[in-house]
Amino acid sequence: MPSERKIKKLVVANWKMNPASFADALRMFTEIKKGASRMANVQVVICAPDLYLSGLSELVSGHRTVLGAQDCFYERSGAYTGEVSPVQIASLKINYVILGHSERRSLGEADEVVSRKVSAALREGLQVILCVGETERDADGKYFDTIKAQLESALNNIPRRYFLNLIVTYEPVWAISTHATKEENPADFLSVSIFIRKVLAGIAGKEVAGKLPVLYGGSVDERNAGVYISEGGADGLLVGRASLLIDSFLPLIKSVNDAASHT
Ligand code: PGA
């Protein structure tokens with residue numbers, strides 16, 4: 001529930017197309033679950049490849065470490081080879097799905113497709129982790145227009161009652177570890193997150209916008225994670241590379257947990 005999320009910070013692990021075997025996924029999930037069981041201020045969402053979700057779902061107990069999908073299709077069922085529907089995800093009792101990730105957008109996913117997916121997933125009762133963010137940071141602030149356009153397009157068709165299942169992640173493409181040109185910083189994230197809330201207020205009303213979690217993603221590791229929470233005001237983090245390295249990921253969760261205890 002959003003009010004709980006205000007207190008509990010979300011740490012979303014985006015495993016992308018990793019690890020190479022289900023045995024590795026099981027081992028990683030088990031270690032993360034054990035580590036996170038001691039962190040009362042954090043909920044960890046492991047977004048594993050679809051192929052592993054069913055097996056991993058048998059290990060989920062309680063709410064501290066749960067599962068999410070990395071994408072889903074906008075139809076409920078039918079002749080759509082290779083796609084996975086929100087209904088199928090929900091049938092495994094999985095509540096979260098990432099949508100609009102920049103790596104999907106760069107494979108050709110248009111704003112309109114993101115919008116249909118967001119609408120389908122929210123209507124199915126899933127919590128949607130919607131990613132927005134510019135590819136390049138320009139000096140005259142055009143990136144704000146990009147973020148606004150992505151939000152407005154993704155959310156143009158959503159009845160207000162579904163908004164409380166929305167989580168927005170600001171993930172500037174230039175800060176993602178695989179092609180990072182420079183680092184984002186918590187103060188800048190804070191100003192972008194205020195802008196995001198303003199746009200959300202325009203779409204869903206001020207009251208709803210104030211309740212929606214806004215996360216940060218892009219080269220988050222155990223060194224900077226806590227600072228995004230304490231100084232950046234992030235409601236959580238979306239973590240790629242560092243979520244695959246248990247020796248980084250557990251200290252990262254701990255630093256978020258520590259930072260959350262002071263917010
Ligand atoms: P990164 O990836 O943490 O490796 O930068 C984040 C993401 O792409 O979701």
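Note that ligands are numbered from 1 as they come in the structure, with each ligand's atoms numbered from 1 the same way.
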Identity and distance of the protein heavy atom lying nearest [atom]:
| atom | answer |
| --- | --- |
| atom 3 (O) of ligand 1 | Gly240 N, 2.8 Å |
| atom 7 (C) of ligand 1 | Glu171 OE2, 3.1 Å |
| atom 4 (O) of ligand 1 | Ser177 OG, 2.5 Å |
| atom 8 (O) of ligand 1 | Lys16 NZ, 2.7 Å |

Check your understanding: Is ligand 1 less than 4.0 angstrom away from at least one heavy atom of Ala242?
Key -> no
Check your understanding: Does even one non-hydrogen atom of Gly218 get within less than 4.0 Å of ligand 1?
Key -> yes
If we count only N and O atoms by modelled type, under 3.5 Å, do the side chains of [X] and [Y] hold a donor and an acceptor together?
| X | Y | result |
| --- | --- | --- |
| Ser193 | Arg197 | no |
| His101 | Glu171 | yes |
| Glu184 | Trp174 | no |
| Tyr96 | Gln70 | no |

Practice item. Quick one: pull up OG in Ser115 and CG in Leu130 and give me the separation to the nearest 0.5 Å. Key: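 Ser115 OG to Leu130 CG: 10.0 Å, rounded to 0.5 Å.
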Exercise for review: Before accepting this row, confirm whether a basic side-chain N of the pair Lys148/Asp145 lies closer than 4.0 Å to the acidic partner's carboxylate O.
Suggested key: no
Which of the atoms of ligand 1 are close to [X], meaning less than 4.0 Å from one of its heavy atoms?
| X | value |
| --- | --- |
| Arg241 | 1 (P), 3 (O), 4 (O) |
| His101 | 7 (C), 8 (O), 9 (O) |
| Leu238 | 9 (O) |

Practice item. Mind running side chain to side chain contact (heavy atoms under 4.5 Å, CB included) on Thr65 and Val45 for me, showing each step along the way? Key: CA-CA 6 Å; Thr65 304; Val45 183; over 6 Å; no
Practice item. Quick one: look at Ile176 and ligand 1, take heavy-atom pairs under 4.0 Å, and tell me if it's side chain, backbone, both or neither. Key: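 Both backbone and side chain of Ile176 come within 4.0 Å of ligand 1.
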